[in-house]
Amino acid sequence: MACSPGAPSRTLEYYFTYDPRSLDPAFSTDVPTGEVDALLFDNLTQFDVDGRLVPGLATSWEVDPAGSRYTFHLRTNAKFHDGRPVRATDVEAAWLRALSPKSLGGRPWPLYPIRGARAFNKGEAPGVMGLAVADDSTLVVTLEEPLNIFPKLVAMPSTGIVPTPTGDEFDQSPIGSGPWRFVEWSHDDYIVLAKNPAYWGSVPLADSLRIRIIPEPLTQAAEYERGGLSVVEIPFGETRRWEERHGDELERRPTIRDLYIAINTTRGPLGDVRVRQALNLAVDVPTLLQTVMAGRGLQAHGVIPPGITGYDSTRAPFPHDPDSARALLAAAGHANGLSLKLWRSQRPEYARIAQAVQQDLAAVGIQVEIVQRDASSARAAVRKGEADLFLTDWYADYPDPENFTYPLFNSKNAGTGGNYAFMNDPVIDSLTVRLRTTVDDAEKARLARETDARITSLAPWIFLWHPVDLWARSPRVEGWSIPAIFNGQRWQQAHVVR
Amino acid sequence: MMRFLGIRVALLAPTLLGVLVVTFLLLYVAPGDPVQAMVGERADPETLVRLRRELHLDESLPRQFGHYVGNILRGDLGTSYITRRSIVSELRHRFPATLRLALAAMLFATTLGLTVGIYGAWRPGGWVDRFLTLGAYLGVSFPVYWVGLVLILVFAVQLRWLPPSGSWGFIYLILPATTLGMRSIAVIARMTRTALQEALQSDFIRTARAKGLGEARVLLHHGLRNALLPVITVLGLDFGSYLTGSILTETIFSWPGVGRYVLSAIEKRDLPAVQGSILFLSVLFVFVNLVTDLLYAKADPRVAYD
């Protein structure tokens, strides 16, 4: 019998549900690629397990009073896995590579705010004028306009620092400077990483980390129960069983994620805010959460989830009030009800949520036809504005109120950019831009609350909940906890105890 | 024989052209934007336009089809939109795993199916025969997905005898091969039982017995050889479908084969990967059928192809 690869006792076992697209940070457009790149590569900044922005390759950074010029100071003891020191010129070269027209199809947008970056990306300029290397350990970045989230953008996987020029097959066997170095990748099967003993930060306690590719949730659970995985995410439908059988091994964490039903505000009666409010009042979110999701969620009070600046716990969520919903519908001229189509993808929990919402809306006279498509087809239709309602979710790219407001509600992002409600409100447009540009933290917090309040009052979504992640951690493994953001767990403290 | 082979190979061309046209059109008719799936949610419209141009997706359908067929004729299945790797190399990496699984499933199904079928023909109507026949019907009836999950629950979770996923040796093959072969066991068993029973009523069997041959020799040498003809056809078709249609089994057991690659490509709207894979699998299926026909001729001298 052949041995399983990389399986000494000090190996941690993790999994992805599908194969990463690539191991090249420039092409990090999916979650598995982002997660594994966070292990292999460093960024100037990074998120810790609680989602706080902390130093990465940059030990510190400052911004000028106008908010458009950042100076990053790099650590001098960082080395790539091949032993070369990481210098400011490497950062510049890595970002130029990510922005290069040759990297078309990747994820350059976190670097677009840099002056001249878009022109370079389009092949209209030979370089990026906003990037300047002051010395080996100092990089000065000038932006097109003030942007307070820029230090968070450079924590995103696609801005990871690679040694340039990269060799052939870099996407298959990369060299980074992160806490783990690449060992092997067998597609659709596993990736093996080994600890980087020369890492500038905490050297991983375990010797190696094997990431299996296991698409089926029940197989993941079976593998965990046999001791083949260090941790496993518990499917919503399995919550009760795991609470009974593995209660001591479970960890919970509210996510910075919105689960919602986007209401296309440009389609017929849905343009009327009273109708949208009625939809919110008609849905019994607390009951839905308990019955369909086994209580794994926090009812949404607005768009910004708990833990993010601007979250307002004092604002009451929409109550379940069918009478008021009927009254609002009547006032809007729909006393005899409405017929709408609710689009959803094939995720199993979405089927149950959609059916429950359908029943609640029927109780106030709104007939809902559920349209089920695969995720890609459903999104394509929604982007074209063909759906009345769309059941979906939003994962934070970076933990910041801007990420829950500008892409989702600024009119520039209608349809394609993430604004599936096709919201077009000048007040929201103005607030979301000011939220991005202010350099005053207190002002940003105030603007975030005001933006969230404005959005909630206009009810462009049926606000459902912020899901709570539930994972089981093997009793043999310590030093691991659920990350707040997908690239926040770097597995440095995790280790096998017996 | 050679003439037959020539005709069959020549017939491949229109078959594969049909496959090319259908896969190409189906994917373009299907909703979903491959470019958006490639770059994610927040790509700006300008980037999407540039990418469409780069990938020739902004050209007319006949022109796109022309590019596609041109590449195929040069032996190039294209490059995946998502991974940016050559589809030929992606398939080359995954096909051995699919072949390994298909062969194991075939071996398992053939061994068990023939054993059950032969026993049923030898001792028809007994309780063992009835039990095995019932088992055969159940095997056909249960969906692959259900069988796979039950096997995992019993043999991996409860008994802890076998691993639920992975592909690193013989022991990892047992559950997926059993799942994949389950339906065939039933079909082969029923087919063998019926054909062998018919054969055992024939004159040449009576002659063999009259000559004093032992029952085992009559059954296996004279009876089974004649009964195997329809079974060969079933085996060929099933082997073809194992190679091309083990998507569910590969997904349940995390088996890194072609089936999972196709499924993932469909989900991500990776057009070249879907088209290349389907073309590859179609050629494979046709080839397996051709080999089955040739084996059929070998097994039955009465079959004349000229």
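Values below: all heavy atoms of this structure, side chains included; hydrogens, waters and symmetry mates excluded. No experiment lies behind these values; they were computed from the predicted model shown.
Note: B:Pro256 leads B:Ser167, B:Ala97, B:Gly166, B:Pro256 in heavy-atom pairs under 4.5 Å with chain A. When the candidates B:Arg94, B:Glu90, B:Glu54 are compared by the number of heavy-atom contacts under 4.5 Å with chain A, B:Arg94 comes out ahead. Residue with the most contacts toward chain B among A:Asp171, A:Thr416, A:Asp188, A:Asp374: A:Asp188 (heavy-atom pairs, distance under 4.5 Å). Ranked by heavy-atom pairs under 4.5 Å with chain B, the first of A:Asp24, A:Thr33, A:Asp397, A:Asn413 is A:Asp397. Interface summary for chain B: among A:His187, A:Glu225, A:Arg373, A:Lys412, the most heavy-atom pairs under 4.5 angstrom belong to A:His187. When each of B:Leu51, B:Ile152, B:Leu48 is checked for heavy-atom pairs under 4.5 Å with chain A, B:Leu51 comes out on top. Heavy-atom pairs under 4.5 Å with chain B were tallied for A:Pro108, A:Gly105, A:Gly417; the largest tally goes to A:Gly105. Ranked by heavy-atom pairs shorter than 4.5 Å toward chain A, the options B:Arg50, B:Arg160, B:Glu46 are led by B:Arg50. In terms of heavy-atom pairs under 4.5 angstrom with chain B, the leader among A:Ala380, A:Pro215, A:Gly228 is A:Pro215.
Residue A:Phe486 places its CZ atom among more than 12 non-hydrogen atoms of other residues, nucleotides or ligands, all under 6.0 Å distant. Counting non-hydrogen atoms of neighbouring residues, nucleotides and ligands closer than 6.0 angstrom, the CZ atom of B:Arg63 reaches no more than 12 such neighbours. When the shell of 6.0 Å around CZ of B:Arg183 is examined, it contains 12 or fewer heavy atoms from other residues, nucleotides or ligands.
A donor-acceptor contact under 3.5 angstrom links the side chains of B:Ser165 and A:Glu223, judged on distance only. Between the side chains of A:Ser22 and B:Arg85, not a single donor N or O lies within less than 3.5 Å of an accepting N or O.
Taking OG1 of B:Thr83 as the reference point, atom CD of A:Gln172 lies at 8.0 Å (rounded to 0.5 Å). One finds the OG atom of B:Ser80 at 8.0 Å from the CZ atom of A:Arg21 (value rounded to the nearest 0.5 Å). Here the straight-line distance linking atom CG of A:Leu218 with atom OH of B:Tyr145 works out to 6.5 Å at 0.5 Å rounding. The OG1 atom of B:Thr47 lies 7.0 Å from the CZ atom of A:Arg118; values are rounded to the nearest 0.5 Å.
For A:Ser186, the parts lying under 4.5 angstrom from a heavy atom of chain B are both the backbone and the side chain. Looking at A:Asp189, both its backbone and its side chain come within 4.5 Å of chain B, counting heavy atoms on both sides. Heavy atoms closer than 4.5 Å to chain B are found nowhere in A:Tyr224, neither backbone nor side chain. For chain B, the nearby parts of A:Asn121 are the backbone and the side chain; heavy atoms of each come within less than 4.5 Å. B:Ile82 touches chain A through backbone and side chain together, each having a heavy atom under 4.5 Å away. If you measure heavy-atom distances from B:Pro163 to chain A, the contacts under 4.5 Å come from both the backbone and the side chain. The parts of A:Asp19 that come within reach of chain B are both its backbone and its side chain, each placing non-hydrogen atoms under 4.5 angstrom from that chain.
Minimum heavy-atom separation, A:Ile213 to B:Ser254: O-CB, 3.5 Å. Residues A:Arg226 and B:Leu162 approach most closely at NE-O, 3.4 Å, considering heavy atoms. Here the shortest heavy-atom pairing between B:Pro164 and A:Thr219 reads O-CG2, 3.6 Å.
A:Tyr18 pairs with exactly one of B:Glu267, B:Arg260, B:Lys268 by the side-chain contact (heavy atoms from CB on, under 4.5 Å) rule, that one being B:Lys268.
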